[in-house]
2 protein chains.
Amino acid sequence: MKQKVYSCGLDAAVDVVGGKWKAMILWALHTQHRRFGELKRHVPGISEKMLIQSLREMEAVGLVHREVYHEVPPRVEYSLTEFGVSLNEALEPLGEWGEKHMRRIAEARCVHEPVG
Amino acid sequence: MKQKVYSCGLDAAVDVVGGKWKAMILWALHTQHRRFGELKRHVPGISEKMLIQSLREMEAVGLVHREVYHEVPPRVEYSLTEFGVSLNEALEPLGEWGEKHMRRIAEARCVHEPVG
DNA sequence: CAGTATCCTGTTAGATACTG
DNA sequence: CAGTATCTAACAGGATACTG
């Protein structure tokens, strides 16, 4: 990957939480730390591939902490770092906005193909 | 497009501001209304295709208003609706977060291919 | 349980050329 | 100026099968 140059803060933020799943994963971690399987249940529709991929990227940026317990069966717990918590807080207003206008958004985004 | 069902507010919000450009376009409109060409200059790197496409989608959701002036040469001005303004406000903390941690993010996201 | 490894597809976005 | 049209590349993401 090339040197990234962001043109504004939003650009950088979107680069980090962008994609279909990261914001939701972050949200799922905002109260407690969770195991891989737990997360999978908490983010409905996500595949194992996308879950681990998103987690790894967020771990690389320092948003998420991964703790391995060497037990049988294996246990791995994911949690937010301080950095992750701060991002989550920054994301909160957006989440509320989406919540509030969900119906309107859903309606606007499903009537794309005119009937007939 | 199928009926959309969002699993949370963030999901819905990301569906609306997602992609590479929309958040930045919204931002570029947050102070004043702007013409097509102005926007292009204000969102560095965007192609005309992506600009118009993003604008149209945001117009369809009601975030952006498009005003055509029948002059020669043609003039079209884009501005935020009330709805767009509210989204922009919800986006502000995220923008600030990105601004604050830009360097860290850029560093974390460019060292992907190990040397040699 | 917590992943990896492939293969495959649809969508996103870039390039280029053209128009009212 | 403000777009449209077309083609193509790249990537995100899904499906499926396998592993320590």
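All chains are named by letter (A, B, ...) in the order of the sequence lines, taking the proteins before the strands, and each is independently numbered beginning at 1. These figures come from a predicted structure and were not determined experimentally.
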Separation of [X] atom [atom1] from [N] atom [atom2], in whole Å?
{"X": "A:Q53", "N": "C:dA2", "atom1": "CD", "atom2": "P", "result": "19 Å"}
{"X": "A:R109", "N": "C:dT11", "atom1": "CZ", "atom2": "P", "result": "12 Å"}
{"X": "A:E77", "N": "C:dG3", "atom1": "CD", "atom2": "P", "result": "12 Å"}
{"X": "A:D15", "N": "D:dC11", "atom1": "CG", "atom2": "P", "result": "13 Å"}
{"X": "B:E57", "N": "D:dG3", "atom1": "CD", "atom2": "C1'", "result": "16 Å"}
{"X": "A:L55", "N": "C:dG3", "atom1": "CG", "atom2": "C1'", "result": "11 Å"}
{"X": "A:H70", "N": "D:dG20", "atom1": "NE2", "atom2": "P", "result": "17 Å"}
{"X": "A:R75", "N": "C:dC1", "atom1": "CZ", "atom2": "P", "result": "13 Å"}

> Would A:I46 and A:I25 satisfy side chain to side chain contact (heavy atoms under 4.5 Å, CB included), going step by step from the backbone distance to the final call?
Replying inline: CA-CA 10 Å; A:I46 196 169; A:I25 296 173; 4.1 Å; yes
> Reckon B:Y69 touches a base, only the sugar-phosphate, or nothing at all at heavy-atom distances under 4.0 Å?
Replying inline: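 Here B:Y69 touches no strand at all.
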> What nucleotide among C:dT4, C:dA2, D:dT4 has an atom nearest to a side-chain atom of A:P74?
Replying inline: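 The listed nucleotide nearest to A:P74's side chain is C:dA2.
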>> List the residues meeting ring pair (Phe, Tyr, Trp, His ring centres under 6.0 Å) with B:H101, not counting sequence neighbours, and say none if there are none.
In response: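 Here the qualifying residues are A:F83, B:W97.
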Would you say [X] and [Y] make side-chain contact, with heavy atoms under 4.5 Å?
{"X": "A:L39", "Y": "A:L29", "value": "yes"}
{"X": "B:K4", "Y": "A:I105", "value": "no"}
{"X": "B:C8", "Y": "A:M24", "value": "yes"}
{"X": "A:E48", "Y": "A:F36", "value": "yes"}

> Do any side-chain nitrogens or oxygens of A:R56 fall under 4.0 Å of OP1 or OP2 in C:dG3?
Replying inline: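 The answer is yes; a side-chain N or O of A:R56 sits under 4.0 Å from OP1 or OP2.
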> Think B:Y78 has a side-chain N or O under 4.0 angstrom from the OP1 or OP2 of D:dG3?
Replying inline: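 For D:dG3, OP1 or OP2 has a side-chain N or O of B:Y78 closer than 4.0 Å.
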>> Using side chain to side chain contact (heavy atoms under 4.5 Å, CB included), reason through B:W27 and A:D11 one step at a time and then give a plain yes or no.
In response: CA-CA 10 Å; B:W27 192 249; A:D11 190 10; over 6 Å; no
> For B:A28 and B:V43, which heavy atoms make the closest approach, and how far apart are they?
Replying inline: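 Closest approach of B:A28 to B:V43: CB-CG2, 4.3 Å.
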> Which heavy atom in A:R104 sits nearest to a heavy atom in B:G62, and how many Å separate them?
Replying inline: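 So the minimum-distance heavy-atom pair works out to NH2-O, 4.1 Å.
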> Going through the checks in order, is the side chain to side chain contact (heavy atoms under 4.5 Å, CB included) test met by A:E57 and B:R109?
Replying inline: CA-CA 9 Å; A:E57 286 178 32; B:R109 307 228 9 136; 3.7 Å; yes
> Who are the salt bridge (charged side-chain N to carboxylate O under 4.0 Å, His left out) partners of A:E99, not counting sequence neighbours?
Replying inline: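 Result, salt bridge (charged side-chain N to carboxylate O under 4.0 Å, His left out) vs A:E99: none returned.
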>> Tell me the bend of the helix from C:dC1-D:dG20 to C:dG20-D:dC1 as the angle between end helix axes, each from five pairs, rounded to the nearest 10 degrees.
In response: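 Rounded to the nearest 10 degrees, the bend comes out at 50°.
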> Which pairs count as side-chain hydrogen bond (donor to acceptor under 3.5 Å, both in side chains) when at least one residue sits in residues 61-73 of chain B, sequence neighbours excluded?
Replying inline: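 Sorted pair list: B:H65-B:E67, B:R66-B:Y78, B:E71-B:R75.
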> Among residues 25-41 of chain A, which residues get a heavy atom nearer than 4.0 Å to DNA chain C?
Replying inline: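 Contacting residues: A:R35, A:F36, A:G37.
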Considering only nitrogen or oxygen atoms on both sides, find all protein atoms under 3.5 Å from nucleotides 14-19 of chain D and state each distance.
from: D:dG14; atom 1: OP1; to: A:K20; atom 2: NZ; distance (Å): 3.1
from: D:dG14; atom 1: N7; to: A:K49; atom 2: NZ; distance (Å): 3.3
from: D:dG14; atom 1: O6; to: A:K49; atom 2: NZ; distance (Å): 2.3

